[in-house]
Amino acid sequence: MDLRIVHTTTYAYQGSVDLAQHMVHLTPVNTANQLVLSHALRIDPEPATRNDVRDAYGNVCSFFSLQAPHETLTVEADCLVRTRVPRPVPSGVASPAWQALGWEAVREQFRYRAHAPFNAASEFLFASPHVPRDDRFAAFARPAFAPGRPMLEATTALMARIHTELTYETASTEINTPALTALAQGKGVCQDFAHIMIGCLRSLGLPAYYVSGYLLTQPPPGRPRLIGADASHAWVAVYVPEPAPSVPGQGAWFHFDPTNNRAGESSPGEDYVQLATGRDFSDVSPMRGVIQGGAQHTLKVAVTVAPPEELKVLQAAE
């Protein structure tokens, strides 16, 4: 499936900003399930300097500075990505080896032991700025993680429980709302659902990371697709060791979207586009920066996800 994503961020400042430094995560990367066909990052006003680098998680980070006074800033990322249908999460008699791998066995592989071989997934076991390890997360997860239950089956059950028992409600939380607060109030948005699921897994001693990206959504029946009406999305990746690895530390990352109760290997679905990964939202914020001047500001974000030919028609009709 070919998907074009146009993500536009506009700041309007009350008063002039004299100097600014910004960092953005707005460039998709190639993965097992997606190929980036094209990407353009347009910045207005033109930055004095710009530098694109890879961070510790393999994400593309763009740093830029503005050294002339400005009252507005617009950053537009325009990309074309080709995705494919991911392999499903192994289950049932068709995958006996995976089904035999109990979640406690996975946890034991990540218990500290002197001179144990290093597994890169272990860095996603620990607390991070938005996701503490807490007994309240573990208590929420335990009904899904019964003793001896297969790892993938238990994780799928946890995803379903978050999807079923928590309410998705726009504007019910802020960017910095603690995940435990969202869990206690029983509602939030996709960022909260992802943080809660990561907190549950890490609190049980299981590695998981945060994935930011986009999801192709369908307009209501009889309604046209609207430019700029979509939003960024977030989900979770969970590490599961190979049942009988030929190389120590070999395993796979399975992606789980508790907001939509969907899962797959390397991606929840063909209609998902992965943007960046990290310990939590703080590692993959689409845009952040430091400014001198500007006083108050207003922020507008518009995202459109659509097949490229459909988006051309919509743009021509504007």
Side-chain angles (χ1 to χ4, degrees), residues 23 25 27-36 52-61 86-87 89-90 95 97-98 101-133 137-138 141 145 150-152 154-156 158-159 179 194-213 234-258 263-268 272-285:
M23 176 182 75
H25 289 96
T27 305
V29 295
N30 294 324
T31 72
N33 276 84
Q34 70 182 37
L35 175 65
V36 181
D52 296 338
V53 300
R54 296 272 181 176
D55 67 12
Y57 305 111
N59 307 312
V60 177
C61 298
R87 290 191 292 179
V89 173
S95 305
W98 284 104
L101 186 66
W103 73 269
E104 296 99 332
V106 177
R107 179 188 61 191
E108 290 303 313
Q109 290 195 26
F110 288 97
R111 284 194 187 276
Y112 174 77
R113 296 185 299 278
H115 310 299
F118 174 71
N119 188 324
S122 62
E123 67 180 297
F124 298 107
L125 286 168
F126 305 102
S128 56
H130 286 287
V131 184
R133 289 181 56 160
F137 283 135
F145 285 80
M151 174 68 185
L152 288 170
T155 306
T156 301
L158 173 62
M159 173 184 68
H195 282 158
I196 289 168
M197 187 167 181
I198 292 170
C200 289
L201 291 160
R202 290 183 187 166
S203 297
L204 293 176
L206 303 168
Y209 64 67
Y210 185 97
V211 187
S212 70
W235 61 96
V236 177
V238 180
Y239 179 81
V240 182
E242 293 282 356
S246 56
V247 178
Q250 194 172 41
W253 288 95
F254 293 90
H255 288 224
F256 294 84
D257 178 8
E265 185 175 349
S266 301
S267 173
Y272 287 72
V273 173
Q274 178 176 312
L275 191 59
T277 61
R279 297 166 300 164
D280 58 33
F281 175 79
S282 65
D283 288 330
V284 301
S285 176

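Any value given below was found using the heavy atoms of this structure, including those in side chains, with hydrogens, waters and symmetry copies removed.
For His195, the ring-ring contact (aromatic ring centres under 6.0 Å, His included) criterion is met by His130, Tyr210, not counting sequence neighbours. Listed by chain and number, the residues in a ring-ring contact (aromatic ring centres under 6.0 Å, His included) with Tyr209 are Phe124, Trp253 (sequence neighbours excluded). Not counting sequence neighbours, the partners of Glu265 by the salt bridge (charged side-chain N to carboxylate O under 4.0 Å, His left out) test are Arg87. Partners of Asn30 under the side chain to side chain contact (heavy atoms under 4.5 Å, CB included) rule, at least two apart in sequence or in another chain, are Leu35, Val36. Annotation: salt bridge (charged side-chain N to carboxylate O under 4.0 Å, His left out) contacts of Asp283 (sequence neighbours excluded): Arg279. Residues satisfying the side-chain hydrogen bond (donor to acceptor under 3.5 Å, both in side chains) test with Asp52, not counting sequence neighbours, are Arg50, Ser62. In this structure, Ser122 has no side-chain hydrogen bond (donor to acceptor under 3.5 Å, both in side chains) partners at least two apart in sequence or on a different chain. With sequence neighbours left out, the side-chain hydrogen bond (donor to acceptor under 3.5 Å, both in side chains) criterion links Trp103 to no other residue. Residues passing the side chain to side chain contact (heavy atoms under 4.5 Å, CB included) test with Ala141 are Phe145, Leu158, Cys200, Leu204, sequence neighbours excluded. Under the rule for a side-chain hydrogen bond (donor to acceptor under 3.5 Å, both in side chains), Asn33 has no partner lying at least two apart in sequence or in another chain.
A 4.5 Å side-chain heavy-atom check between Met159 and Val236 finds every atom pair outside the cut-off. When side chains are defined from C-beta on, Tyr272 does not count as touching Val211, because their heavy atoms never get closer than 4.5 Å. Under the 4.5 Å side-chain criterion, counting only non-hydrogen atoms from C-beta, Pro90 is in contact with Leu152.
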> Could you go step by step and tell me if Val284 and Tyr57 meet the side chain to side chain contact (heavy atoms under 4.5 Å, CB included) rule?
Replying inline: CA-CA 10 Å; Val284 301; Tyr57 305 111; over 6 Å; no

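In terms of heavy atoms, Pro268 sits closest to Pro86 at C-CG, 4.1 Å. When all heavy atoms of Ala179 and Phe137 are compared, the closest pair comes out as CB-CZ, 3.8 Å. Taking every heavy atom of both residues into account, Tyr239 and Ala121 meet most closely at CG-CB, 3.6 Å.
Rounded to the nearest 0.5 angstrom, Ile196 CD1 and Leu201 CG are separated by 12.0 Å. Atom CZ of Phe254 is separated from atom OG1 of Thr156 by 9.5 Å, given to the nearest 0.5 angstrom. Rounding to the nearest 0.5 Å gives a distance of 9.5 Å between CZ of Arg54 and SG of Cys61. In this structure, CG on Leu125 lies 11.0 Å from OG on Ser203, to the nearest 0.5 angstrom.
The aromatic rings of Trp235 and His255 are tilted relative to each other, their planes meeting at an angle between 30° and 60°.
Annotation: salt bridge (charged side-chain N to carboxylate O under 4.0 Å, His left out) contacts involving residues 109-121, sequence neighbours excluded, comprise Glu108-Arg111. For residues 203-213, there are no salt bridge (charged side-chain N to carboxylate O under 4.0 Å, His left out) pairs, not counting sequence neighbours.
Side chain of Arg202 to main chain of Ala208: a donor-acceptor pair is present (N/O by atom type, distance under 3.5 Å, no hydrogens or angles). A distance-only check finds no donor-acceptor pair linking the side chain of Arg133 to the backbone of Ala138 [under 3.5 Å]. Using a distance-only test at 3.5 Å, with no hydrogens or angles considered, no donor-acceptor pair links the side chain of Arg107 to the main chain of Leu206. For Gln34 (side chain) and Gln274 (main-chain N/O), a donor-acceptor pair under 3.5 Å exists by modelled atom type.
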